[in-house]
Amino acid sequence: MIYTVTFNPSLDYIVTVDNLQLGAVNRTNQEIINPGGKGVNVSMVLHNLGYKSTALGFRAGFTGREIARLMEEQEIQSEFIEVDAGISRINVKVRSEEESEINGMGPDIGEADIQKLYKQLEQLVDGDTLVLAGSIPATMPETMYRDIMERLSGKKLQIVVDATKDLLMNVLKYHPFMIKPNNHELGEIYGVKLNTREEVIPYARKLQEDGARNVLISMAGEGAVLLTEDGNVYQSEAPKGKVKNSVGAGDSMVAGFVAGYMASHDYEQAFYMGVCTGSASAFSDGMATKEAVHELLGQFGKNYV
């Protein structure tokens, strides 16, 4: 079974505005409301690719109920913990000449809520996949990812971590199955600028030396790089297409990698599934579909879907 954890899920209110003018009244010409948050996005794309998952995390108030309702409507399993204080956040994405975002704060998550999450995670069994994705709300311990992996270290799980800086570095000693920083996040860790696929390889290898089993580096229009635990390095340019949407592309890459690996236990297949699934979301108004991924795989002569 696949589980995703989103500590701060959201309602994503995505609007399109022609020629956005600050300080003036602007009118939308398109509006979309989706459940959001990195782990939620992973669950949504897995569903589109034909894989079931259970989304874990926290919800609060009327917005939290709407997140769960929308996911149920899309037949995506969720078992969010209800939090008493505050409401789940609303993230506003404005598409105009440039894309802008205003992200809400989310509810106050207390120690009792965290203990409920730990109890849920204790139910995972050997062979399960767990995706930990996104930032940690200010009300939660900064060691949250590390604490989860320490608690689960006795189980044979495939844990995927998509996080930044210390959140990521603190889990490496627990040997996560896969981590997915982008090239900018990787550069921030080591205090360098990384612009090409060749430049990221030695720094991705450092993350392996510190404990990560597989390291997937997303690089937007430059493509991606995967260093595997069996010593292989896979590189790919990005598929060709017009970028319409930056929301969830990295999360879609994670979902594609997980789906590709579950289907084949082959890292090359997982890599190209990840690359094409991330691009399929970037090239559409919503999240990647199986049909869109299949079309992009064709650019590389692949036929996995």
Side-chain angles (χ1 to χ4, degrees), residues 3-17 28 30-48 53-96 99-110 113-114 116-117 120 130-140 142 144-145 148 160-164 167 180 182 185 244-255 278 281-282 284-288:
Y3 296 86
T4 65
V5 176
T6 309
F7 294 107
N8 210 357
S10 62
L11 277 181
D12 285 354
Y13 179 49
I14 306 167
V15 300
T16 303
V17 178
T28 65
Q30 185 183 33
E31 300 179 359
I32 303 170
I33 298 179
N34 285 323
K38 293 183 73 65
V40 169
N41 291 339
V42 172
S43 282
M44 291 173 64
V45 175
L46 284 169
H47 173 76
N48 290 351
S53 69
T54 299
L56 306 176
F58 304 96
R59 73 178 200 195
F62 76 99
T63 47
R65 291 190 293 273
E66 181 64 6
I67 292 168
R69 187 194 70 79
L70 288 171
M71 294 182 71
E72 182 178 2
E73 190 178 81
Q74 298 179 41
E75 300 182 340
I76 301 169
Q77 174 83 12
S78 69
E79 295 180 6
F80 293 122
I81 294 163
E82 187 77 28
V83 175
D84 293 331
I87 63 171
S88 294
R89 60 186 177 152
I90 298 174
N91 292 343
V92 181
K93 322 284 185 180
V94 182
R95 295 174 179 169
S96 191
E99 192 170 77
S100 302
E101 299 185 18
I102 303 173
N103 289 349
M105 294 185 295
D108 292 334
I109 299 167
D113 303 313
I114 294 171
K116 291 177 183 177
L117 176 64
Q120 284 183 325
L130 176 65
V131 179
L132 302 173
S135 60
I136 302 296
T139 56
M140 297 182 70
E142 294 181 358
M144 197 69 231
Y145 281 8
I148 287 174
V160 175
V161 180
D162 184 3
T164 60
L167 280 177
K180 194 212 70 64
N182 63 39
E185 292 163 347
K244 297 182 180 179
N245 167 38
S246 65
V247 177
D251 311 324
S252 299
M253 178 178 279
V254 170
S281 286
S284 69
D285 289 324
M287 292 295 184

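Position 1 is the first residue of the sequence, and the numbers go up from there.
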Got Y13 and I32 here, is their nearest side-chain heavy-atom distance under 4.5 Å?
no
Side chains of S284 and K244, heavy atoms from C-beta outward: is any pair under 4.5 Å?
no
Between the main-chain N or O of Q74 and the side-chain N or O of H47, is there a donor-acceptor pair closer than 3.5 Å?
yes
Within this structure, what is the CD1-CG distance for the pair I148 and L130, rounded to the nearest 0.5 Å?
7.0 Å
For the backbone of M287 and the side chain of S281, can you confirm whether one donor and one acceptor N or O come within less than 3.5 Å of each other?
no
How many angstroms lie between CG in N41 and CG in N34, if you round to the nearest 0.5 Å?
8.5 Å
In sequence, state the C-alpha distance, the side-chain angles, and the governing distance for R69 and E72, and then conclude on salt bridge (charged side-chain N to carboxylate O under 4.0 Å, His left out).
CA-CA 5 Å; R69 187 194 70 79; E72 182 178 2; over 6 Å; no
Is the shortest side-chain heavy-atom distance between Q77 and Y3 below 4.5 Å?
no
Residue Q30 excluded, over 12 heavy atoms near CD under 6.0 Å
yes
Using modelled atom types only, decide if a donor and an acceptor are shared between the side chain of R89 and the backbone of N8 within a distance under 3.5 Å.
yes
Nearest atoms (heavy-atom pairs only) where E82 meets D113
O-OD1, 4.2 Å
Can a donor-acceptor pair be found, under 3.5 Å and without considering hydrogens, that links the side chain of N48 to the backbone of A288?
yes
Donor-acceptor pair between E31 and T28 side chains, under 3.5 angstrom:
yes
pair L11-L70: side-chain heavy atoms closer than 4.5 Å:
yes
Side-chain contact test, heavy atoms from C-beta onward, threshold under 4.5 Å: evaluate it for F80 versus L56 and give yes or no.
no
Could you check if a side-chain atom of R95 sits within less than 4.5 angstrom of a side-chain atom of V15, using non-hydrogen atoms only?
no
Is the shortest side-chain heavy-atom distance between E99 and K93 below 4.5 Å?
no
So does E142 have more than 12 non-hydrogen atoms from other groups sitting under 6.0 Å from CD?
no
Counting distance only, does the side-chain N/O of E73 pair as donor-acceptor with the main-chain N or O of A68 below 3.5 Å?
no
Given 3.5 Å as the limit, does a donor-acceptor pair link the side chain of S88 with the main chain of R59, or not?
no
Hydrogens and angles aside, do S43 and T4 bring a side-chain donor and acceptor to less than 3.5 Å of each other?
yes
Is the backbone of V17 close enough, under 3.5 Å, to the side chain of S96 for a donor and an acceptor to pair up by distance?
yes
Say whether, by atom type as modelled, one donor and one acceptor occur between the side chain of N91 and the main chain of G104 under 3.5 angstrom.
yes
Short question: side chain of Y145, backbone of S135 - any donor-acceptor pair under 3.5 Å?
no
Is the count of non-hydrogen atoms from other residues, nucleotides or ligands lying under 6.0 Å from D285 atom CG greater than 12?
yes
Answer whether the closest heavy-atom distance between the side chains of D162 and K38 falls below 4.5 Å.
yes
